[in-house]
Enquirer: 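Can you read through this structure? Questions will come right after.
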Number of protein chains: 2
Amino acid sequence: MLPISKNWEKFSHLFAREEISAKTLLLQEGQIANTIFLIEKGSLRSWFNNDGKEVTFQFFFEGQGVSSIESFITNEPSLFNIESLEPCVIYTLSKKDFQTLTAQEPAIKEEINAHILQRLFLYQKLFLSRIKDNPEKRYKEMLKEYPEIFQRVPQHYIASYLGITSVSLSRIRNRR
Amino acid sequence: MLPISKNWEKFSHLFAREEISAKTLLLQEGQIANTIFLIEKGSLRSWFNNDGKEVTFQFFFEGQGVSSIESFITNEPSLFNIESLEPCVIYTLSKKDFQTLTAQEPAIKEEINAHILQRLFLYQKLFLSRIKDNPEKRYKEMLKEYPEIFQRVPQHYIASYLGITSVSLSRIRNRR
DNA sequence: TAGCGTTTTTAACAATTGTTATCGTTCTAC
DNA sequence: GTAGAACGATAACAATTGTTAAAAACGCTA
């Protein structure tokens with residue numbers, strides 16, 4: 001999630017509003033990210049292909065800013081796809097405009113750096129969760145912490161996120 | 001690993017040489033880290049207690065700088081222990097001296113920031129490995145990438161690092 | 001080198017998850 | 001509104017891992 005603050009609002013004219021349908025690919029694995037997306041309505045997920053299997057590893061909702069920020073910053077190919085889960089209203093910001101913006105507003109550069117740190121702390125947390133907890137415990141943790149996700153996201157994506165098959169998640173959910 | 005560079009050498013007088021035996025606790029979970037360790041000889045591991053079970057999650061060798069850098073910087077209690085695997089020769093740097101040092105040498109502050117980023121990228125990599133790969137694949141990856149670790153580190157610590165029991169690792173190793 | 005604690009292997013069994021397939025149900029696009 | 005795709009539950013079976021225990025191998029040191 002990019003922290004969208006006052007700093008950004010002054011530049012709202014640089015953002016383009018877009019309506020997209022569900023399952024729209026906003027960024028493809030291997031491409032260099034040249035856009036930042038802000039979600040006004042709807043949800044996105046990031047996923048990558050692992051030996052023919054989709055692995056979902058993050059969900060995004062209203063108010064969040066989304067990008068393959070590593071790719072966006074370093075110009076390296078993105079390691080993952082960004083795709084809509086529902087019909088969305090998003091605002092897009094091109095890299096060119098982003099550069100204009102950061103040049104004029106160093107505070108935004110700081111925000112981006114803070115954002116990268118946050119992302120990486122998230123990975124740390126997720127990694128430790130994988131070490132410590134089995135799939136069932138991770139499921140319960142997720143249900144407790146982010147119950148709203150289960151209301152909006154198809155279960156097989158959540159299974160993928162939890163590192164198990166949808167069959168296994170279905171079993172865990174119906175374990176008395 | 002802290003990248004120990006020329007910047008540090010000027011301050012070698014601030015480091016205290018210490019010889020420690022195997023299985024010495026250098027930092028205890030819950031304590032605030034107030035020391036940075038440089039390994040001249042020997043090896044360390046970081047681990048934490050998870051419901052009574054030790055979980056090892058990193059190994060350190062000669063030339064590496066080690067600390068619970070998050071705790072050291074933020075003064076929050078460390079989330080993990082640092083313990084010697086073998087008899088070691090280490091150099092220790094106190095937080096006080098470290099602060100003197102960073103005040104005089106901003107480049108070292110930069111190094112530390114870069115180090116934190118590196119650490120977090122490591123978590124990202126490890127997290128994705130946990131998502132993508134089963135224990136057997138992670139073992140093979142580790143054997144290919146870091147064969148030297150297997151020469152020096154007891155197998156049950158490696159098993160813990162891979163997220164499996166030592167029994168399971170033994171089975172995987174002896175799978176024809 | 002003898003003894004003791006640590007580490008690794010092996011075994012048997014239990015629990016969990018994966019795989020494949022089927023079957024309703026729900027969603028979506030036309 | 002209907003057809004086809006997507007989704008969730010379930011079943012049967014296979015594969016993997018966990019658990020517990022015991023024995024074998026190893027390494028240190030007295």
Side-chain angles (χ1 to χ4, degrees), chain A residues 19-25 42-45 47 50-56 59 81 83-88 129-143 147 149-176, chain B residues 19-25 42-43 45 47 50-56 59 83-88 129-143 147 149-176:
Chain A
E19 301 192 5
I20 58 173
S21 57
K23 304 208 179 195
T24 303
L25 255 190
S43 55
L44 307 177
R45 70 177 177 121
W47 63 275
N50 183 41
D51 283 346
K53 284 180 195 160
E54 288 192 8
V55 176
T56 296
F59 301 107
N81 306 277
E83 189 179 319
S84 58
L85 287 161
E86 308 166 307
C88 294
S129 156
R130 291 255 166 178
I131 285 188
K132 292 170 64 174
D133 309 330
N134 61 17
E136 179 165 7
K137 193 165 172 193
R138 284 204 301 281
Y139 162 72
K140 285 178 177 161
E141 189 82 9
M142 187 174 174
L143 192 58
I149 293 185
F150 290 84
Q151 308 307 313
R152 295 180 63 177
V153 175
Q155 201 164 295
H156 63 286
Y157 293 136
I158 295 175
S160 159
Y161 175 83
L162 290 171
I164 55 181
T165 62
S166 61
V167 176
S168 188
L169 178 54
S170 176
R171 272 193 297 234
I172 289 173
R173 283 172 68 86
N174 296 315
R175 213 170 269 170
R176 43 146 274 100
Chain B
E19 300 191 7
I20 58 173
S21 57
K23 304 206 180 198
T24 303
L25 254 190
S43 55
R45 70 179 178 121
W47 63 275
N50 183 41
D51 282 347
K53 283 181 196 162
E54 289 192 7
V55 176
T56 295
F59 300 108
E83 188 179 321
S84 57
L85 287 162
E86 307 166 308
C88 294
S129 155
R130 290 255 166 178
I131 284 188
K132 292 169 64 174
D133 308 330
N134 60 18
E136 179 165 7
K137 192 165 171 192
R138 284 205 300 281
Y139 161 72
K140 285 180 178 162
E141 189 82 9
M142 189 175 173
L143 192 58
I149 293 185
F150 291 84
Q151 308 307 312
R152 297 181 60 177
V153 175
Q155 203 164 292
H156 63 286
Y157 293 135
I158 294 175
S160 160
Y161 175 83
L162 290 171
I164 54 181
T165 62
S166 62
V167 176
S168 188
L169 177 56
S170 176
R171 273 193 296 234
I172 288 173
R173 284 172 65 87
N174 296 315
R175 213 168 269 168
R176 42 148 272 99

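First the proteins, then the strands, lettered A, B, ... as listed; each starts at 1.
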Enquirer: Starting from C1' on C:dT8, measure out to CD on B:Q151 and report it in whole angstrom.
Expert: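 Whole-Å distance recorded here is 15 Å.
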Enquirer: Apply side-chain contact (heavy atoms from CB on, under 4.5 Å) to residues A:R45 and A:V153 and explain how you reach the verdict.
Expert: CA-CA 9 Å; A:R45 70 177 177 121; A:V153 175; over 6 Å; no
Enquirer: Applying salt bridge (Lys or Arg N to Asp or Glu O under 4.0 Å) to A:E136 and A:K140, what does each step give before you reach the verdict?
Expert: CA-CA 6 Å; A:E136 179 165 7; A:K140 285 178 177 161; 3.3 Å; yes
Enquirer: With 3.5 Å as the limit, what N/O pairs link the protein to nucleotides 13-18 of chain D?
Expert:
| from | atom 1 | to | atom 2 | distance (Å) |
| --- | --- | --- | --- | --- |
| D:dT17 | OP2 | B:R175 | NH2 | 3.0 |
| D:dG18 | OP2 | B:T165 | N | 3.3 |
| D:dG18 | OP2 | B:T165 | OG1 | 3.3 |
| D:dG18 | OP2 | B:S168 | OG | 3.4 |
| D:dG18 | N7 | B:R171 | NH2 | 2.7 |
| D:dG18 | O6 | B:R171 | NH1 | 3.1 |

Enquirer: Which atoms form the tightest heavy-atom contact between B:S129 and B:R138, and what is the distance?
Expert: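 Closest approach of B:S129 to B:R138, heavy atoms only: OG-CD, 3.2 Å.
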Enquirer: Within the side chain of B:S84, is there an N or O that forms a donor-acceptor pair under 3.5 Å with the backbone of B:T24?
Expert: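 Checked: pair present.
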Enquirer: How close do A:L44 and A:L85 get, counting heavy atoms only, and between which atoms?
Expert: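 Closest approach of A:L44 to A:L85, heavy atoms only: O-CD1, 3.6 Å.
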Enquirer: Keeping to residues at least two apart or across chains, list the side-chain hydrogen bond (donor to acceptor under 3.5 Å, both in side chains) pairs with something in residues 156-166 of chain A.
Expert: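 Those involving residues 156-166 of chain A do not exist here.
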Enquirer: Measuring from the side chain of B:H156 (C-beta onward, heavy atoms only), which nucleotide among D:dA9, C:dT10, C:dT8 has the closest atom?
Expert: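 Of D:dA9, C:dT10, C:dT8, C:dT8 is nearest to the side chain of B:H156.
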Enquirer: Kindly give the heavy-atom pair with the smallest separation between B:T56 and B:W47, and that separation in Å.
Expert: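 Smallest heavy-atom distance, with atoms named: CA-CB, 3.7 Å.
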Enquirer: Could I get a table of every N or O pair under 3.5 Å where one atom is in the protein and the other is in nucleotides 27-30 of chain D?
Expert:
none

Enquirer: Between A:I158 (CD1) and D:dA9 (P), how many Å, whole number?
Expert: 11 Å
Enquirer: With a 4.5 Å limit on heavy-atom distance, are the side chains of B:I164 and B:I172 in contact?
Expert: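 In short, these two side chains touch, coming nearer than 4.5 Å.
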Enquirer: Does D:dA9 have OP1 or OP2 under 4.0 Å away from a side-chain N or O of A:Q155?
Expert: yes
